[in-house]
Amino acid sequence: MAKTGAMAANEDVQGAGDDALGYEQARDELIDVVRRLEAGGTSLEESLALWERGEALAKVCRRWLDGARARLDAALASEGEQSAEQG
C-alpha cells in the first residue's frame with residue numbers, strides 16, 4: 001500500500017529516537033518545522049502532523065535546557081560552598 005504525504009509526515013512525528021537527538025539537531029529541525037508551517041500550502045492533516053512533530057521537538061529542546069540549567073545550578077552551588085569554606 002502506498003503512503004500518502006500525510007501518512008509519511010505522521011510517521012516522522014512518531015519518530016523513535018527523539019531522546020537521542022542533540023539540542024542543536026532538535027532545534028534545527030524545529031526551525032524547519034516552523035518554517036514549513038508558516039509557508040503554508042500543506043493539507044490540514046500534514047499541518048497537524050508537523051505541529052505534533054514541533055511539539056515533540058520542543059520537548060526535546062526543553063529537556064536539554066532544563067538539564068543544562070540543573071548542571072549550572074549545581075556548579076554554582078558547589079562554587080558557593082567552596083567559597084564559604086575558604087572564607
Any residue meeting side chain to side chain contact (heavy atoms under 4.5 Å, CB included) with Leu72, in chain and number order, not counting sequence neighbours: Arg69, Leu76
Straight-line distance of Asp18 CG to Cys61 SG, nearest 0.5 Å: 10.0 Å
Nearest heavy atoms of Leu30 and Gly54, plus distance in Å: CD1-O, 3.5 Å
Interatomic distance, Glu38 atom CD to Leu50 atom CG [nearest 0.5 angstrom]: 12.0 Å
Carboxylate-amine/guanidinium contact Arg53 Glu29, below 4.0 Å: yes
Check: Gly22 main-chain N/O paired with Gln25 side-chain donor or acceptor under 3.5 Å: yes
Nearest-0.5 Å distance, CG of residue Asp32 to CZ of residue Arg27: 13.0 Å
Taking every non-hydrogen atom, the tightest pair across Thr42 and Ser47: OG1-OG, 2.6 Å
Single-linkage hydrophobic cluster, 4.5 Å side-chain cutoff, Val33 and Trp51 together: yes
Backbone N/O of Leu21 and side chain of Trp64: donor-acceptor pair under 3.5 Å: yes
Partners passing salt bridge (charged side-chain N to carboxylate O under 4.0 Å, His left out) against Arg35 (at least two apart in sequence or in another chain): none
Smallest separation among heavy atoms of Val60 and Ala26, with atom names: CG1-CB, 3.7 Å
